[in-house]
Student: 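Before I ask anything, let me first share the structure, which is written out below as structure tokens.
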Amino acid sequence: MKSINVLTFIASLLMLVLLVTDFINGKTKFEPPVGGKGFALIELFTSEGCSSCPAADDLLANIQKESRDKPVFVLAYHVDYWDRLGWKDSFSSPDYSRRQVAYSHWLNEPQIYTPQVIVNGKAGYVGSDESALRNAINGSLSAASLGSVALQTQQHGERLTVNYQVTGGSTSDRLLLAVVQKMASSKVRSGENGGRTLSHAQIVRGLHQVTLTPQKKGQSTIKLPAGFTQQDWEVIGFIQNATTGEITGATRATLATLPDAG
């Protein structure tokens with residue numbers, strides 16, 4: 001009996017060593033349980049005029065790199081309410097400020113701020129709070145998805161045709177298509193980040209809403225932003241409940257392999 005206990009102890013110790021080694025090597029960062037069908041859609045509200053935003057931009061860029069083979073989708077919205085305070089962010093849009101205000105109502109938060117991160121439309125965090133964000137991502141990957149979306153996209157000159165099919169969810173759902181520039185940099189000449197060159201990742205350059213048919217499938221055409229290239233941009237689609245803000249499914253369409261471009 002004692003020899004069996006010793007063997008059990010040694011086996012448990014070896015398993016602990018392997019788990020610690022995997023953690024140190026970063027292998028456990030975004031691993032959902034076996035059979036998990038979760039996803040994480042991370043929406044960052046940021047601005048080049050905000051001195052605390054570059055740290056959040058860098059964190060999200062790192063998460064994007066780490067999670068390329070995982071169902072983790074990063075969107076960075078540059079809001080425009082910082083533009084009047086010394087530096088106009090060329091990526092900013094009032095549409096993204098309005099989206100953040102919508103989240104303040106959905107999440108019952110009294111004010112908006114940057115940098116802010118929303119995960120799956122259900123919870124908000126300070127964008128540079130790495131521990132909270134990673135815990136939220138792991139929790140989202142462990143939870144079963146309530147819906148799914150499939151996208152087939154094809155470029156025709158300055159327009160993109162998107163064929164979509166949504167499953168699950170409710171009648172309050174809408175499909176949103178984000179046109180994303182994967183990387184960019186800016187030299188900021190004034191404001192809180194004056195004199196700095198800032199790097200950006202997963203910049204939303206267009207957000208398009210699709211009204212779903214009763215069959216939840218169809219086709220939509222969107223105009224592509226200036227400077228679009230298939231290699232350096234992508235489209236991320238996600239399902240959002242218009243009443244609660246909860247996001248129930250998300251997917252990515254990689255544009256680099258699309259036929260009939262040009």
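Excluded from the calculations below are hydrogen atoms, water molecules and symmetry mates; all remaining heavy atoms, backbone and side chain alike, are included.
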Student: As an exercise, state the distance from OG1 of Thr211 to CG of Leu175, rounded to the nearest 0.5 Å.
Tutor: 9.5 Å

Student: Any side-chain to backbone donor/acceptor pair from Gln215 onto Lys217? Under 3.5 Å, distance only.
Tutor: no

Student: Side-chain contact, heavy-atom cut-off 4.5 Å: Ser186 with Thr197?
Tutor: no

Student: Is it true that the side chains of Thr114 and Trp82 contain a donor and an acceptor less than 3.5 Å apart?
Tutor: yes

Student: Evaluate the side-chain proximity of Gln181 to Gln202: yes if any heavy-atom separation is below 4.5 Å, no if none is.
Tutor: no

Student: What orientation do Tyr77 and Tyr96 show, parallel under 30°, tilted 30 to 60°, or perpendicular over 60°?
Tutor: tilted

Student: Quick check on the hydrophobic clustering: are Val119 and Leu107 connected, directly or via other members, by side-chain heavy-atom contacts under 4.5 Å?
Tutor: no

Student: Say whether Leu85 and Val101 are linked into one hydrophobic cluster, either directly or through other cluster members, by side-chain heavy-atom distances under 4.5 angstrom.
Tutor: yes

Student: Could you check whether any side-chain heavy atom of Tyr164 comes within less than 4.5 Å of a side-chain heavy atom of Val210, counting everything from C-beta outward?
Tutor: yes

Student: Run the salt bridge (Lys or Arg N to Asp or Glu O under 4.0 Å) test against Asp95 and tell me which residues pass, sequence neighbours left out.
Tutor: Arg98

Student: In terms of hydrophobic clusters joined by side-chain contacts under 4.5 Å, are Val180 and Phe238 together?
Tutor: yes

Student: How long is the straight-line distance from CD of Gln155 back to CG of Leu224, given to the nearest 0.5 Å?
Tutor: 5.5 Å

Student: Output, in order, the C-alpha distance, side-chain angles, deciding distance and verdict of side chain to side chain contact (heavy atoms under 4.5 Å, CB included) for His78 and Phe45.
Tutor: CA-CA 6 Å; His78 288 236; Phe45 294 92; over 6 Å; no

Student: Write down the atom of Ser172, the atom of Thr243, and the distance for their closest heavy-atom approach.
Tutor: OG-OG1, 3.6 Å

Student: Under 3.5 Å, side chain of Gln240 to main-chain N/O of Gly245, donor-acceptor pair present?
Tutor: yes

Student: Before giving the answer on side chain to side chain contact (heavy atoms under 4.5 Å, CB included), spell out for Val162 and His208 the whole-Å C-alpha distance, their side-chain angles and the decisive distance to 0.1 Å.
Tutor: CA-CA 11 Å; Val162 183; His208 307 271; over 6 Å; no

Student: Distance only, no hydrogens: is a donor on one side chain within 3.5 Å (strictly under) of an acceptor on the other, for Glu109 and Gln116?
Tutor: yes

Student: When you check the side-chain N and O atoms of Asp80 and Ser97, is any donor under 3.5 Å from an acceptor?
Tutor: yes

Student: Between Ser145 (side chain only) and Gly249 (backbone N and O only), is there a donor and an acceptor less than 3.5 Å apart?
Tutor: no

Student: Can Phe39 and Asn120 be said to form a side chain to side chain contact (heavy atoms under 4.5 Å, CB included), step by step?
Tutor: CA-CA 8 Å; Phe39 71 96; Asn120 284 1; 3.3 Å; yes

Student: Only one of Ile236, Leu60, Val117 forms a side-chain contact (heavy atoms from CB on, under 4.5 Å) with Val74, so which one is it?
Tutor: Leu60

Student: Let me see the working for Tyr113 and Gln100 under side chain to side chain donor-acceptor pair (under 3.5 Å), right down to the final yes or no.
Tutor: CA-CA 9 Å; Tyr113 60 90; Gln100 191 179 18; over 6 Å; no

Student: Looking only at the side chains, is there a donor atom on one of Ser185 and Ser199 sitting less than 3.5 Å from an acceptor on the other?
Tutor: no

Student: Taking all non-hydrogen atoms of both residues into account, name the closest pair between Pro225 and Trp233 and its distance.
Tutor: CG-CZ3, 3.7 Å

Student: Residues sharing Ile203's hydrophobic cluster, by side-chain heavy-atom contacts under 4.5 Å among ILVMFWY, directly or via others?
Tutor: Phe91

Student: Is there side-chain contact between Lys182 and Glu234, with heavy atoms separated by less than 4.5 Å?
Tutor: yes

Student: Is the shortest side-chain heavy-atom distance between Pro115 and Leu44 below 4.5 Å?
Tutor: yes

Student: Checking Ala132 now: which residues fulfil side-chain contact (heavy atoms from CB on, under 4.5 Å) with it, not counting sequence neighbours?
Tutor: Tyr125, Asp129

Student: When rounded to the nearest 0.5 angstrom, what distance separates CG in Leu160 from OG1 in Thr153?
Tutor: 5.0 Å

Student: Of all residues at least two apart in sequence or in a different chain, which pass the side chain to side chain donor-acceptor pair (under 3.5 Å) check with Arg196?
Tutor: Asn193

Student: Using modelled atom types only, decide if a donor and an acceptor are shared between the side chain of Asn163 and the backbone of Gln219 within a distance under 3.5 Å.
Tutor: no

Student: Main chain of Lys216, side chain of Thr213: is a donor-acceptor contact present, judged purely on distance under 3.5 Å?
Tutor: yes

Student: Can you name the nearest heavy-atom pair linking Ser92 to Asp83, along with the distance?
Tutor: OG-OD2, 2.6 Å

Student: Go through the steps for Ser170 and Asn241 under the test side chain to side chain donor-acceptor pair (under 3.5 Å), then give the verdict.
Tutor: CA-CA 8 Å; Ser170 70; Asn241 186 292; 3.3 Å; yes

Student: Between Leu75 and Val204, is a side chain to side chain contact (heavy atoms under 4.5 Å, CB included) present by the stated rule, with each step listed?
Tutor: CA-CA 6 Å; Leu75 301 175; Val204 178; 3.7 Å; yes

Student: Any side-chain heavy-atom pair from Leu212 and Asp173 closer than 4.5 angstrom?
Tutor: yes

Student: Please name the pair of heavy atoms, one in Ile239 and one in Ser148, separated by the smallest distance, quoted to 0.1 Å.
Tutor: CD1-O, 3.3 Å

Student: Under 4.5 Å between side-chain heavy atoms, hopping through other hydrophobics if needed: is there a path connecting Phe228 to Leu177?
Tutor: yes

Student: Do Leu141 and Ile63 belong to the same hydrophobic cluster, where Ile, Leu, Val, Met, Phe, Trp and Tyr are linked whenever their side-chain heavy atoms lie under 4.5 Å apart, directly or via other members?
Tutor: yes

Student: Trp87: what forms a side chain to side chain donor-acceptor pair (under 3.5 Å) with it, not counting sequence neighbours?
Tutor: Glu48

Student: Taking only residues two or more places apart in sequence, or in another chain, which ones meet Phe73 in a ring pair (Phe, Tyr, Trp, His ring centres under 6.0 Å)?
Tutor: none

Student: Are side-chain heavy atoms of Arg99 and Leu176 found at a separation under 4.5 Å?
Tutor: yes

Student: For the residue pair Ile42 and Leu133, establish whether any side-chain heavy-atom pair is separated by less than 4.5 Å.
Tutor: yes

